[in-house]
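Notes follow the structure.
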There are 2 protein chains.
Amino acid sequence: MAPTPQTLTAERILEATEEVLRRHGPAKATVVDVARVLGVSHGSVYRHFRTKAALREAVTKRWLDRTTDTLSGIVTEGDRTPETRVRDWLAALYAAKRHKAAGDPELFATYSVLAGESGDAVHTHLADLLGQLTRIIRAGVEAGDFTAPDPATTARAVFQATARFHDPGYARDWELPGAEEEFEAVLELVVRGLRS
Amino acid sequence: MAPTPQTLTAERILEATEEVLRRHGPAKATVVDVARVLGVSHGSVYRHFRTKAALREAVTKRWLDRTTDTLSGIVTEGDRTPETRVRDWLAALYAAKRHKAAGDPELFATYSVLAGESGDAVHTHLADLLGQLTRIIRAGVEAGDFTAPDPATTARAVFQATARFHDPGYARDWELPGAEEEFEAVLELVVRGLRS
DNA sequence: CAGCTGACAGATATTGAAATCTGTCAGCTG
DNA sequence: CAGCTGACAGATTTCAATATCTGTCAGCTG
């Protein structure tokens, strides 16, 4: 609650870590830097996070959860058709990732590094997103709008088919001219493939 | 090694380069190595290729063209339906890339490096592949099997949607258990999206 | 005593000097 | 004379010495 809390908490460490990552980038950010920002010794940071990898994963998880939370609202918009929700959800995912990549490149690089290291935070993030997409597709099947023998498998296929527009490995292409049109074309193809 | 007292040709240099790339990998392969395999001075290699980058691009182009040639046969199989040809073509593309990645990892790494450097050889390769796919889809539209206002745009969308199964950036996932099933699911989704 | 410090060992990263490589070209060779 | 050689300059890579970092822990502090 206090604007300048004196006790060292996991939350304060995560905020300082984001700051350091933004300033120095993932390759140069050290635990000593984080401790310096907080005005404590680096030993204290290790009281809250067992390793540097755990700290990086925690800060990344926090960052990924922001996207998951943004998208979760679209899943349950009962007044819209499942097709519209699939479109909106994928468009929102693309927009969120693109915005993050452009606006927060240092942290985005960290996320990409962790994704490559197959960290648990990323694995969970992907499972969360797939779960959301599965719910929309299942609703579409129940409404008779979509055909999908196994909604989870189909959701995975939709996710893979649009990977180019949310996988961080393709981030450099997201701002290229024509990217938006290509997204629309893939989205159209995928939605047509879902329809009964 | 076998005595090679013949005249020095671009073709012989490309073969020696492949040999050196396979043995040392893309990071350690030098023009001096190539010259040593051929029993000439490295200055002679520069008579045929202006730069090392040009040499690497030429050897990569040769290698990429083998895939393009393999697939071109499927495009014109008039006795099969367009849908079958799209399925066969994408499956053959996936199989070819996967086979290369598993069987020739050093050269595959070189290809991946060049793809990242956005070399012209890769650009041309992608244009060739897209051209083949466009022809199949256009044939499908003309036969009334597919709906696609602009076959070239749709071909691009199909190519993007299946990127995970032919883009070298994903090579590490191609041998994972379940990869084949995921390919089938994406292929099913895409083909459904093409149908009228 | 709960939380923090700071020195320490082993691991990792940085640095700069030495080695190697790329690309050129004047001259050699057949 | 067409094609090749080998020495060379500048760029890049390697390597080992040095510095910094990670993770631990005995002891300090409030």
Side-chain angles (χ1 to χ4, degrees), chain A residues 1-2 4-60 106 109-110 112-114 116-117 119-121, chain B residues 1-60 106 109-110 113-114 116-117 119-121:
Chain A
M1 289 266 192
T4 49
Q6 294 299 319
T7 51
L8 189 59
T9 64
E11 186 61 23
R12 282 188 66 218
I13 293 173
L14 288 177
E15 265 159 34
T17 305
E18 257 196 41
E19 163 90 11
V20 170
L21 283 169
R22 241 187 291 271
R23 181 163 297 161
H24 300 305
K28 296 236 199 108
T30 73
V31 176
V32 172
D33 290 332
V34 173
R36 185 161 36 233
V37 166
L38 291 164
V40 299
S41 82
H42 75 282
S44 300
V45 174
Y46 281 96
R47 178 162 296 280
H48 294 83
F49 295 94
R50 233 183 281 137
T51 66
K52 183 186 185 180
L55 175 58
R56 296 217 304 177
E57 189 141 346
V59 77
T60 302
E106 302 296 8
T110 299
S112 300
V113 167
L114 281 187
E117 289 167 356
D120 194 47
Chain B
M1 288 295 144
T4 49
Q6 309 159 4
T7 51
L8 189 60
T9 63
E11 186 62 22
R12 282 187 66 220
I13 292 173
L14 289 178
E15 265 159 35
T17 305
E18 257 196 43
E19 162 91 11
V20 169
L21 284 169
R22 239 187 293 270
R23 181 164 298 161
H24 300 303
K28 296 235 201 111
T30 73
V31 176
V32 173
D33 289 333
V34 173
R36 185 163 35 235
V37 165
L38 291 165
V40 299
S41 83
H42 75 281
S44 299
V45 174
Y46 281 95
R47 177 162 296 279
H48 293 84
F49 295 94
R50 231 181 286 134
T51 65
K52 183 186 185 181
L55 175 57
R56 298 217 305 177
E57 188 142 345
V59 77
T60 302
E106 303 295 9
T110 299
V113 168
L114 281 188
E117 290 167 354
D120 194 48

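Everything quoted here is computed from the prediction, not taken from an experiment. Numbered from 1 within each chain, the chains take letters A, B, ... in sequence-line order. Basis for what follows: all heavy atoms, side chains included, without hydrogens, waters or symmetry-related copies.
Atoms CZ (B/Arg12) and P (D/dC4) sit 10 Å apart, rounded to a whole Å. Regarding A/His24, its NE2 atom lies at a distance of 17 Å from the P atom of C/dA13, rounded to whole Å. Atom-to-atom, CG of A/Asp33 to P of C/dA13 comes out at 14 Å; the value is rounded to the nearest Å. Atom CG in B/Leu8 sits roughly 5 Å away from atom P in D/dC4 (whole-Å rounding). Here the P atom of nucleotide D/dG23 and the CZ atom of A/Arg56 are 11 Å apart, to the nearest Å. With rounding to whole Å, A/Arg36 atom CZ is found 16 Å from C/dT5 atom C1'.
Distance from the side chain of B/Val31 is smallest to C/dT22 among C/dC4, D/dC21, C/dT22. Checked against D/dT5, C/dT22, D/dT22, the side chain of A/Val32 finds its nearest nucleotide in D/dT22.
B/Val20 pairs with exactly one of B/Val37, B/Val32, B/Val59 by the side chain to side chain contact (heavy atoms under 4.5 Å, CB included) rule, that one being B/Val37.
Sorted by residue number, the members of residues 42-55 of chain A with any non-hydrogen atom under 4.0 Å from DNA chain D read A/His42, A/Tyr46, A/Thr51, A/Lys52.
The closest side-chain heavy-atom distance from A/Leu55 to A/Thr51 is not below 4.5 Å. At a threshold of 4.5 Å between non-hydrogen side-chain atoms, the residues A/Thr9 and A/His48 do not count as touching. Taking 4.5 Å as the limit, every side-chain heavy atom of B/Thr110 sits out of range of all side-chain heavy atoms of B/Val113. Here the side chains of B/Tyr46 and B/Val31 are in contact, with some heavy-atom distance below 4.5 Å.
Using Watson-Crick or G-U wobble geometry with both donor-acceptor distances under 3.5 Å, C/dG30 finds its partner in D/dC1. The partner of C/dA11 is D/dT20, judged by Watson-Crick or G-U wobble contacts that both fall below 3.5 Å. Pairing partner, C/dA17: D/dT14, with both Watson-Crick or wobble hydrogen-bond distances short of 3.5 Å. Across all strands shown, D/dC25 forms a Watson-Crick or G-U wobble pair, both distances under 3.5 Å, with C/dG6.
At distances below 3.5 Å, at least one donor-acceptor pair connects side-chain atoms of A/Glu57 with backbone N or O atoms of A/Asp120. Under a 3.5 Å cut-off, the side chain of A/Thr60 and the backbone N or O of A/Arg56 do form a donor-acceptor pair.
Counting any heavy atom pair closer than 4.0 Å across all strands shown, B/Ser41 reaches a base atom.
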